[in-house]
Structure formats: C-alpha cells, structure tokens
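Sequence lines set the chain letters: A, B, ... in the order given, protein chains first and strands last, and positions in each chain run from 1. Atoms considered below: every heavy atom in the structure, side chains included; atoms not considered: hydrogens, waters and symmetry mates.
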There are 2 protein chains.
Amino acid sequence: MQGYNKYAYEPFAVTVDLAVLTLRGAALHVLLVERGQEPYAGHWALPGGFVEPDESAETAARRELAEETGLVDVSGLHLEQLRTYSEPDRDPRMRVVSVAFAALLPDPPEPHAGSDAAQARWLPYDSAGPLAFDHDRILADAHDRVGAKLEYTCLATAFCPPEFTLGELQQVYETVWGTALDRPNFRRKVLATPGFVEPVPGAARLTGGRGKPAALYRAGTATTLHPPLLRPPREGRPV
Amino acid sequence: MQGYNKYAYEPFAVTVDLAVLTLRGAALHVLLVERGQEPYAGHWALPGGFVEPDESAETAARRELAEETGLVDVSGLHLEQLRTYSEPDRDPRMRVVSVAFAALLPDPPEPHAGSDAAQARWLPYDSAGPLAFDHDRILADAHDRVGAKLEYTCLATAFCPPEFTLGELQQVYETVWGTALDRPNFRRKVLATPGFVEPVPGAARLTGGRGKPAALYRAGTATTLHPPLLRPPREGRPV
DNA sequence: CCCCTTTATAGTCGCAATGACTATAAGCCT
DNA sequence: AGGCTTATAGTCATTGCGACTATAAAGGGG
C-alpha cells in the first residue's frame with residue numbers, strides 16, 4: 001500500500017452475498033432467489049447485491065436484507081460477516097469480490113420478489129440444491145460458522161423471538177447441529193450460565209399447543225458462554 | 001446480483017492487509033512497515049498491497065507475506081482470513097476495500113524492506129502504537145481471533161517450529177492469552193487430546209538452556225480440540 | 001565436587017461440570 | 001377418565017480440571 005496512485009490498481013466490483021437462515025418448525029431454512037438471467041439462469045442463488053459508493057459492506061448487507069425479506073425493521077437482526085470470496089473466476093462475466101454475511105431471523109416472513117422481479121422463497125437447508133456461483137460453499141460456511149458459534153456464544157437467541165421457551169431454544173441447537181439433546185441437561189446448563197437467558201418476571205406462560213405450558217425467557221446480557229455448550233462429539237472422529 | 005451490467009457498479013480498489021504475528025522470547029510481536037508517503041507518512045502500518053487481476057485475496061496475501069518477510073517458502077505457514085474492512089472513509093484518498101489476514105510464524109526472520117523501500121521491522125504487540133488507517137482495529141481483531149482459536153483448535157502449533165517441546169507450546173498459550181498456566185495440567189490436557197501432538201519417536205531431546213531436557217513433539221493430525229482448552233475466565237466478568 | 005537453581009515429568013486430591021436417567025407436574029385430546 | 005405430550009425437578013456416577021506435591025535431570029557457582 002506504499003505509494004500507489006489512482007491508476008496502479010485494477011478495479012473490482014464488490015458485492016455482498018447473504019445466507020439468511022431461519023427455523024421453520026424443526027428444519028433450518030435459507031432464503032434463496034431464482035436467477036432470471038445468464039449465467040445460472042433458472043438456478044437458485046443467495047440474495048445479494050452491489051456495495052454502493054457511500055456504504056460499507058455491513059450497510060449494504062443490511063439494506064439487501066431489508067429489501068429481500070420485505071421486513072421494515074432489520075436493525076435488531078443478527079448479521080455476521082463470514083468471509084470474503086475472491087477467486088478470479090467465481091463470476092464468469094467479470095471480476096467480482098463478494099463479502100459474505102450470515103443473517104439470523106426468528107420468524108420468517110413470506111419473502112416478496114426483489115426489485116429485480118426475481119422469485120424469492122425459503123428452502124430447507126438440506127434440499128438447497130446446487131446453487132449458482134460458489135454459493136454452495138458460502139452457504140456451507142455459514143452453516144459451519146453458526147453451528148460453531150452456538151457452542152461458545154449466545155447466538156442461539158438470535159433465532160428466537162423476543163420471548164421464548166427453553167424448548168424453543170433447545171430446538172435451535174438441535175436443528176442447527178442435527179443432534180438430539182437431553183432436555184433436563186440442556187435446561188440445567190442454560191440456566192446455570194449467567195446472562196444467557198433471564199425469566200420474564202410476570203408469571204407469563206405460553207401455550208403453543210400440547211403439553212404443559214412453558215415459562216418464558218428473554219435473551220440475557222451475556223454474549224459469550226463460559227464454559228461453552230459443547231455439541232456431542234461425533235462418533236467416527238479420528239482417535 | 002440480478003441483471004447487472006458492466007456499468008451498473010462502482011469500482012473499488014481491493015487490497016489485503018496482513019497481521020503477521022510471531023513469538024520472540026516471551027512476547028508477541030507483529031511485523032510492521034513504516035509509511036513513506038501521505039497519508040500517515042512516518043506512521044507504522046500493517047504490510048499489505050493490492051490484489052492483482054488474476055489472483056484471489058488468499059494468493060495476494062501469501063505473495064505479500066513472502067515479499068515482506070523475505071521468506072522463500074511460505075507455503076507451510078498458517079494464513080487465515082480475518083474479515084473485510086470496507087468503511088467508505090477508511091482511506092482518505094479513494095475507496096479501498098481491504099481483506100485482512102492473520103499470518104502465524106514460528107521463527108521470525110529479520111525482515112527486509114519491501115519493494116517500496118519502506119522500513120520494516122518486528123514490534124512488540126503491546127507497544128505497536130497508533131497505526132495508520134484502521135490498522136489498530138485490524139491488529140486487535142487478529143489478536144482476538146488467534147486467542148479464541150487457541151481454545152478450540154490446534155492453531156498453537158502454527159507458532160512452533162516442526163519439532164517443539166510442550167514448554168514451548170505452553171509459552172504460545174501464555175503469551176497470546178497473557179495468563180500463566182499450570183504446567184502439569186497443561187501437559188495432561190495436551191497429551192490427553194488425541195491428535196494434538198505426537199511424540200518424536202527417536203528419544204530425541206532438545207537442550208536449549210537450563211533445566212532438564214524436554215521431549216520433542218510434532219503437530220498431530222487433529223485440527224480441532226474436543227473438549228476445548230479453555231482460557232482461565234477473567235475475574236471482573238459480568239455475573 | 002556439592003548444592004542450588006531451573007525445567008520436565010509423574011502423580012494425588014477434591015470439586016465442578018456433565019451425561020444418563022427417573023420422577024412428577026400440568027396442560028390437551030379423544 | 002385415561003392417555004399423550006411437554007415442562008420441570010432431582011439423582012447418581014463419571015469425567016474434567018484446578019491446585020498442589022513429589023521426583024528427575026540438567027547446568028552453574030561456590
């Protein structure tokens with residue numbers, strides 16, 4: 001970066017790509033848009049767009065998130081920069097460097113088609129088939145990152161509405177990790193971690209359907225979990 | 001990213017910035033270059049440079065790493081993408097988006113001045129004063145990331161030469177975290193983690209200086225630590 | 001040459017965290 | 001009413017880990 005001038009560099013297009021994740025029932029879903037143009041016309045892709053001259057990648061990502069989901073207020077949503085994808089051939093048309101983000105939503109709204117008139121919808125993570133460009137890789141990286149951060153941060157509450165039950169919180173872990181957790185142990189662990197969740201004071205209870213009504217909790221003030229909530233170790237792991 | 005054309009976007013300059021970290025004795029050091037030109041002439045900055053048209057950010061970072069350190073073979077060094085810094089005003093001259101990397105070196109070579117004829121040297125992390133641009137932030141983020149990854153990955157061996165003693169490995173943790181660790185407990189934990197380190201078969205021993213010679217180990221095949229090696233919790237942490 | 005310092009390694013003890021499990025409570029459904 | 005479902009309370013044994021003691025193997029200074 002010493003002594004460069006305006007003409008010493010090659011200009012790049014800079015975009016953001018978003019892996020917008022949410023839980024629908026017991027399945028992880030991702031927001032995808034259908035491409036209308038070549039390349040990859042007819043393929044599904046992650047939503048995204050260009051970073052404009054006066055905004056940062058974070059600002060651009062939040063703007064795109066609002067546009068694609070149709071949500072009015074996205075200020076409270078968790079948005080996390082994943083990494084930047086810059087392989088020279090990742091877009092066949094031109095040199096595009098993309099800053100990827102993961103966004104976590106509690107209650108998924110029905111998406112409306114973006115300004116580009118492309119179709120947008122939620123697809124289950126497992127059946128999000130081959131995506132355009134390197135978006136399969138980005139989506140997998142998003143999943144890995146979120147799964148890892150569940151272990152040692154309070155990220156799971158970002159998937160939950162403002163007030164939630166411990167069962168819903170456990171469902172987040174089980175869905176993202178793809179493993180079942182013991183309910184009493186999960187409960188003990190969460191409640192023993194200071195600042196993870198705090199009970200809603202009024203004896204508020206929510207009855208969603210069957211079974212005994214559960215107590216409601218809010219996200220606490222802590223951001224990290226000490227000690228972490230480790231996922232059960234995989235069986236076929238190298239010894 | 002639907003239906004853009006060549007002229008629908010604003011071109012950006014894309015650079016890489018490197019936080020090259022190493023251990024000298026018992027202190028964490030970072031490789032810095034002195035800027036010769038405005039802005040921030042005379043200030044220290046992280047090494048870096050432009051991404052060229054035919055290379056990815058990772059390739060550019062490894063190329064810059066070789067140039068700045070003078071090392072011939074940087075293929076075995078750990079290079080990790082941190083995040084991308086894209087605030088519109090982070091460079092007063094023009095719009096520059098920078099992909100930041102952390103690089104970990106075992107034995108620090110004496111740096112030679114880069115092609116820009118700027119001065120380059122190792123500085124202790126703690127006395128790496130105010131840096132140019134947003135490089136203070138980048139350096140702090142690199143330190144945070146490395147400290148966190150020591151907990152749940154085998155990253156510490158990236159600071160060590162091919163063969164090392166457990167005392168040297170412990171020194172990595174103590175230096176990066178800034179805390180003292182109990183030696184027998186550290187040893188027990190490391191040896192109990194399958195794949196973290198493996199003993200050098202020949203009864204090889206290294207006598208660096210005083211004390212009983214220590215057994216030598218190599219980095220194992222594992223990449224993650226299960227369960228993690230947690231750093232001692234800070235005292236004044238919110239309850 | 002002996003002792004002292006330094007570092008490595010072995011092992012002990014007790015508490016805290018956790019996995020596996022049982023039991024009870026409180027709602028809905030038929 | 002009885003059974004199903006989910007929430008919550010608690011038990012028990014094992015593991016992990018922090019704190020600590022002890023022994024071994026080197027070098028250095030009188």
Problem set entry | Distance, rounded to the nearest Å, where A:K212 contributes NZ and C:dC29 contributes C1' | 19 Å
For this session: Send over the distance from B:L229 CG to D:dC17 P, rounded to a whole Å.
Result: 8 Å
For this session: To the nearest Å, give me how far apart CD (B:Q170) and P (C:dT9) are.
Result: 11 Å
Problem set entry | B:L169 CG - C:dT7 P separation (whole Å) | 17 Å
For this session: May I ask you to list the residues of residues 178-185 of chain A, by number, that have any heavy atom positioned under 4.0 Å from an atom of DNA chain C?
Result: A:D182, A:P184, A:N185
Exercise. Are any of A:K189's side-chain N or O atoms less than 4.0 Å away from OP1 or OP2 of C:dT18?
Worked result: yes
Exercise. What integer distance in Å separates B:F164:CZ from C:dA8:C1'?
Worked result: 16 Å
For this session: Using only side-chain N and O atoms of B:R210, determine if any of them is under 4.0 Å from OP1 or OP2 of C:dT5.
Result: no
Exercise. For A:R187 and D:dT8, is the shortest distance between a side-chain N/O and OP1 or OP2 below 4.0 Å?
Worked result: yes
For this session: Write down the distance between CG (A:L230) and P (C:dT18), rounded to a whole number of angstrom.
Result: 8 Å
Problem set entry | Test log, rule side chain to side chain contact (heavy atoms under 4.5 Å, CB included), inputs A:L21 and A:H29 | CA-CA 6 Å; A:L21 300 174; A:H29 281 63; over 6 Å; no
Exercise. Which of residues 146-158 of chain A have a heavy atom under 4.0 Å from DNA chain C?
Worked result: none
For this session: Taking the side chain as every heavy atom from C-beta outward, state whether A:L65 and A:F101 have any pair of such atoms under 4.5 Å apart.
Result: no
For this session: Check the distance between D:dC17's P and B:L225's CG and give it to me in whole angstrom.
Result: 10 Å
Exercise. Would the A:F164 and A:Y217 ring centres measure less than 6.0 Å apart?
Worked result: no
Please tabulate, for the side chains in residues 126-133 of chain A, all donor-acceptor contacts under 3.5 angstrom to protein atoms that are two or more places apart in sequence or on a different chain.
from   : atom 1 : to     : atom 2 : distance (Å)
A:S127 : OG     : A:P124 : O      : 3.4

Exercise. Between atom CG in A:L191 and atom C1' in D:dG10, what is the gap in whole Å?
Worked result: 14 Å
Exercise. Is a side-chain donor-acceptor pair under 3.5 Å present for B:Y85 with B:D141?
Worked result: yes
Problem set entry | salt bridge (Lys or Arg N to Asp or Glu O under 4.0 Å) between A:R121 and A:E34, worked out | CA-CA 8 Å; A:R121 58 173 297 198; A:E34 190 175 15; over 6 Å; no
Seminar exercise, completed: Of the listed C:dT9, D:dA7, D:dC17, the closest approach to the B:P227 side chain comes from D:dC17
For this session: Check whether any side-chain heavy atom of B:L105 lies under 4.5 Å from a side-chain heavy atom of B:L71, and answer yes or no.
Result: yes
For this session: State which of D:dC17, C:dA17, D:dA7 makes the closest approach to the side chain of A:A214.
Result: D:dA7
Exercise. For A:T153 and A:L225, what are the C-alpha separation, side-chain angles and deciding distance, and is it a side chain to side chain contact (heavy atoms under 4.5 Å, CB included)?
Worked result: CA-CA 5 Å; A:T153 72; A:L225 263 42; 5.9 Å; no
Problem set entry | Intermediate values then yes/no, salt bridge (Lys or Arg N to Asp or Glu O under 4.0 Å), B:R63 and B:E67 | CA-CA 6 Å; B:R63 173 177 53 75; B:E67 291 176 9; 3.4 Å; yes
Exercise. Do B:R188 and C:dG11 share a donor-acceptor pair, side chain to base, under 3.5 Å?
Worked result: no
